[in-house]
Structures are given as C-alpha cells and as structure tokens.
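Report on one structure; see the data block that follows.
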Number of protein chains: 2
Amino acid sequence: MSEVRQFSAAGRRVLAAAEELFYERGITAVGVDLVAERSGVTKRTLYNQFGSKDQLVTAYLGERDRRWRALVRATVDDCADPLHAVTAPFEALREWSRTSGRGCAFVNALAELPDPDHPAHRVATEQKRWLRDLFSELATAAGCTDPATLATQLLVLHEGALATQPLALDTLPATTDLAWTLVRAAADATG
Amino acid sequence: MSEVRQFSAAGRRVLAAAEELFYERGITAVGVDLVAERSGVTKRTLYNQFGSKDQLVTAYLGERDRRWRALVRATVDDCADPLHAVTAPFEALREWSRTSGRGCAFVNALAELPDPDHPAHRVATEQKRWLRDLFSELATAAGCTDPATLATQLLVLHEGALATQPLALDTLPATTDLAWTLVRAAADATG
DNA sequence: CCCTCGGTATACTGATCTGTGAAGTCCAGA
DNA sequence: TCTGGACTTCACAGATCAGTATACCGAGGG
C-alpha cells in the first residue's frame, strides 16, 4: 500500500525544506522556487524528483505522517501499563508540540486543498483513522468497555488539543487529564 | 471595540461572495478578481470598499464570527433548562455544520496566515476565547463545579468535532454525548 | 445647471506563479 | 575511455497575482 519511495540526496534535501516551509508558511503561500532555493537545489532537479508541486505536497504530508506515527508507536511501546498506554498518544503530542506550534499539518493542508480527489485528502483521512483505530486497539487491550466510542472521543480530544494549539490557550493539560479520566472510567466499568 | 462598519449594497455583495469563496476554496487560492466577478462588481469598487485583500479577509472572518455568535446565543436562549444550556453550542454546531462542511473557518484561516500580527489572528483568538468564557458562564449558572476547567474541556471537544468534520468520521454525536456527560457529572458533584 | 458620489468598464503595471526546454558539468562504473 | 544518469544554469512560456489609472455614467442635491 504505502510505497516507500527512494529519494536521492538532493530529493531528501528538497523534502526537508518542503516540510519546514509548507508547515510554517502554508502550502499555497510557498512557491517551488523558494523550496528549491532553500534546499540548495535547482528547480529542474525538484521537478525531476517529484514531478509536480502537488506530488511534492503529497510526499511532504506522507513523510510527516510517517514521522508522527513512529513517535506515537515508540511512546506507546514505552508504556509498561496497558491502561496508561491508551493515553500515550497525548504524551506524544506534548513532545511533538515542542517543535510544531502551528496546529495539525493535515488539517491545515485540507484547508488549502479543497479538492476531495487530491491525494492529500487520502493521507489526512488515513492518518486520523489510523489514530482512532490505535485508540480502539489499545482500549481493547486494556480491557475498556465500548472501545469504539471511547476511541472516537479520544480522537476528538486529540484533534481539539491540536486545533487550539495556535491560539495559545494552553489546552493540552486539561485535555490529557480528561482523556485519562475517561480511560480509567471505561476500565473501572468492567470490574 | 468591534466597529460595526456600514457597507454599501455593492460592498455587501462583495462580502457575501468573499465568505463563500474564501471558506470553500481557501483564502490564498482565491484572487480578488474572482471575488469581484462573482459579486458582480468591479475591482475598483471592491478596493474602494475594503482597501486591500487583507482587510477584505478580516471583514470576512469578522462577519462569519458575528453570524456564528448570533446562532449560538439564540440556541442558548432557547434552552429553558440551565444545565442543558451548557451544551447548547454543540447543538448550534450541528445546525451550523449543515452548510459548513470544511471545518472551522478561523482555524483554516490561521493555517494560511502564519503572520501572528495579521488581524485575522486576533479575530480567531477572540472567538475561541469568547466560546470558552461562554461555556464557563453557562457552567457557573448551572451550578457546576470547577467551571473553568470544564469550559476548557468543552472548548477542546467543540474544536475537535469541528476539526474532524472534513474527514467524514461522524464524530459529532459521540462528542455531544461526552459533553453532556461531563456537564451532568460536574453538576452532580455539587449536591 | 452643475457638481459630487458611487459605481462601471477597461486597460495596465510589475511581480510571482507552475512548469518546460536546451545545453553543459560532474562522476561512477563497465 | 566511453557511457549514462543526476545535477546545474539560464532562459522562457503562459497564467495569475494584488493593486492602480483613466475615463465614463447616472442620479440626487445645492
């Protein structure tokens, strides 16, 4: 499914520059000339590697998704307690927020790319679905009741904390507390 | 504070077209030429009325904010039960979503306007702060414990439901249920 | 009558956008 | 030594961007 494309050294530099610029300044506002210049590469090389701006954008989102999932997985695996593991993505989010202060890259991308056939939509939808399913699996493993509903609620909390991030309202602590309360309540209900 | 500017008939048509186009297609992706054409007005008139694209964008967000607050206030006022009134904004959101399927216009705008000095940031931040404070007031009126924390959690739930809207995961029902559970629990804790 | 005001119509500036063409450079491996 | 591929350099096309200039029109009011 997810084809791991091999990029050249120049291609990787382009991707790194694209990640930073697209996230910080917005996709439409950043031109390919700037990405090329910032990565020390010619526009010709950029187009030889990625074909079009749309494909570069898709690669940028895919790469960011890959990094985010890796962080979440690592944080989950570090949890000895299976109950605590259910809220591990919120801990990962706290770590992730140290460098990303402009909200969710995927939500932001959808805001700029209204065409539902754009591959970016698939990437974004798959990421959120993946997180919801992960919540569900972790909740099931921890013996929670109604893991499907709990997973949806945790996903909404997660996205809410991410969406309010650029507003500097410091919502993450209260959100994490609530997530933990929900998980404990769902676990207690089994006994 | 919020100066109610009077627009001419042409200016109002421009604002209506801007609302639809900016929200549906994104701010950067929509040019002033298109807004002028869609509203049946010349670019000269557009600039005479709004001065610049940035100011038109700010007016668009301000107008949308005004309409959203009016809907929320009306929905809250329709609630006889003060406890039920705390979750009224979620009911308003359901109504609002019937026409707006592309997430929060303000979050989307911030994604495209990274400059924190842009007036759009002030509009967006004030809107979310207003909603949080409204939650807090309603929770206090309903006799809930710790209305400040509850308000933040309800805001996060609200924004989470809004942010996941374009992903077609149907998160609003489970979110509204959870909001209602939280409010009831906070009210019961007083007795 | 004339004059201002809000609007129309149209053409324009200069910058920037995505994407391509053509020729030349560099280097690893057969 | 030759070859092929990745990369650079530079010029360019064609479109679109925000914003401006100039001239015109019709209605309302002194």
Side-chain angles (χ1 to χ4, degrees), chain A residues 4-61 108-109 111-115 117-121, chain B residues 4-62 108-109 111-115 117-120:
Chain A
V4 178
R5 287 167 59 186
Q6 210 69 293
F7 293 112
S8 66
R12 267 174 274 130
R13 283 212 309 280
V14 170
L15 201 49
E19 272 205 72
E20 185 183 334
L21 288 168
F22 285 153
Y23 181 71
E24 290 303 328
R25 306 195 194 178
I27 292 170
T28 318
V30 168
V32 288
D33 297 80
L34 181 58
V35 176
E37 184 201 334
R38 185 63 68 93
S39 49
V41 147
T42 23
K43 221 166 30 156
R44 242 298 132 255
T45 302
L46 188 153
Y47 274 95
N48 284 341
Q49 289 281 321
F50 295 94
S52 71
K53 186 183 179 181
D54 269 349
Q55 286 175 265
L56 175 60
V57 167
T58 307
Y60 144 62
L61 291 174
N108 291 357
E112 296 200 64
L113 309 168
D115 176 14
D117 291 333
H118 195 290
H121 277 253
Chain B
V4 178
R5 288 167 57 188
Q6 210 70 293
F7 293 112
S8 66
R12 269 176 270 129
R13 283 211 312 280
V14 169
L15 200 50
E19 272 205 72
E20 185 183 334
L21 287 168
F22 285 154
Y23 180 70
E24 290 301 328
R25 306 195 194 179
I27 292 170
T28 317
V30 168
V32 286
D33 296 80
L34 180 59
V35 176
E37 184 202 334
R38 187 62 69 93
S39 49
V41 147
T42 31
K43 227 165 26 154
R44 245 280 148 259
T45 302
L46 188 153
Y47 275 96
N48 283 342
Q49 289 283 320
F50 296 94
S52 70
K53 185 183 179 180
D54 269 349
Q55 286 174 266
L56 175 59
V57 167
T58 307
Y60 143 63
L61 292 174
N108 290 357
E112 297 199 64
L113 309 168
D115 175 15
D117 291 332
H118 195 289

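Order of the sequence lines fixes the chain letters, A, B, ..., with proteins taken first and strands second; residue numbering starts at 1 for each chain.
- Using a 4.5 Å heavy-atom cutoff, the side chains of A/S8 and A/Q49 are in contact.
- For A/E112, the salt bridge (Lys or Arg N to Asp or Glu O under 4.0 Å) criterion is met by no residue, not counting sequence neighbours.
- Rounded to an integer number of Å, the gap from CZ of B/F50 to P of C/dG7 is 10 Å.
- Contact between the side-chain N/O atoms of B/T42 and the OP1/OP2 oxygens of C/dG7 is not found at any separation under 4.0 Å.
- No more than 12 heavy-atom neighbours from other residues, nucleotides or ligands sit within 6.0 angstrom of CD on A/E37.
- Side chain A/K43 to base C/dG19: a donor-acceptor pair is found below 3.5 Å.
- In this model, the phosphate group of C/dT8 is approached by a side-chain N or O of B/T45 to a distance below 4.0 Å at OP1 or OP2.
- Comparing B/K53 and B/R44 by the nucleotide of DNA chain D that holds the closest heavy atom to each, the one mapping nearer the 5' end is B/K53.
- One finds a side-chain N or O of A/Q49 lying less than 4.0 angstrom from the OP1 or OP2 phosphate oxygen of D/dC7.
- Two residues, B/A10 and A/G51, neighbour DNA chain C, and the one matched to the more 5' nucleotide by heavy-atom proximity is B/A10.
- At whole-Å resolution of the value, CG in A/L46 and P in D/dA6 are 15 Å apart.
- The nearest whole Å value for the distance from the CD atom in B/Q55 to the C1' atom in D/dA18 is 13 Å.
- Heavy atoms of A/S8 sit under 4.0 angstrom from primed sugar atoms or phosphate atoms, though from no base atom.
- Rounded to an integer number of Å, the gap from CG of A/N48 to P of D/dG5 is 13 Å.
- At a threshold of 4.5 Å between non-hydrogen side-chain atoms, the residues B/F22 and B/L56 count as touching.
- At a non-hydrogen distance threshold of 4.0 Å, B/G40 from residues 26-40 of chain B come into contact with DNA chain C.
- Partners of A/T58 by side chain to side chain donor-acceptor pair (under 3.5 Å), not counting sequence neighbours: none found.
- Across the protein-nucleic acid pair, B/Y47 atom OH and D/dT22 atom C1' stand 18 Å apart, rounded to whole Å.
- Between the CZ atom of A/R13 and the CZ atom of A/F7 there is a distance of 14.5 Å, given to the nearest 0.5 Å.
- Separating the CZ atom of B/F7 from the C1' atom of C/dC5 is a distance of 18 Å, rounded to the nearest angstrom.
- The closest side-chain heavy-atom distance from A/V35 to A/V30 is below 4.5 Å.
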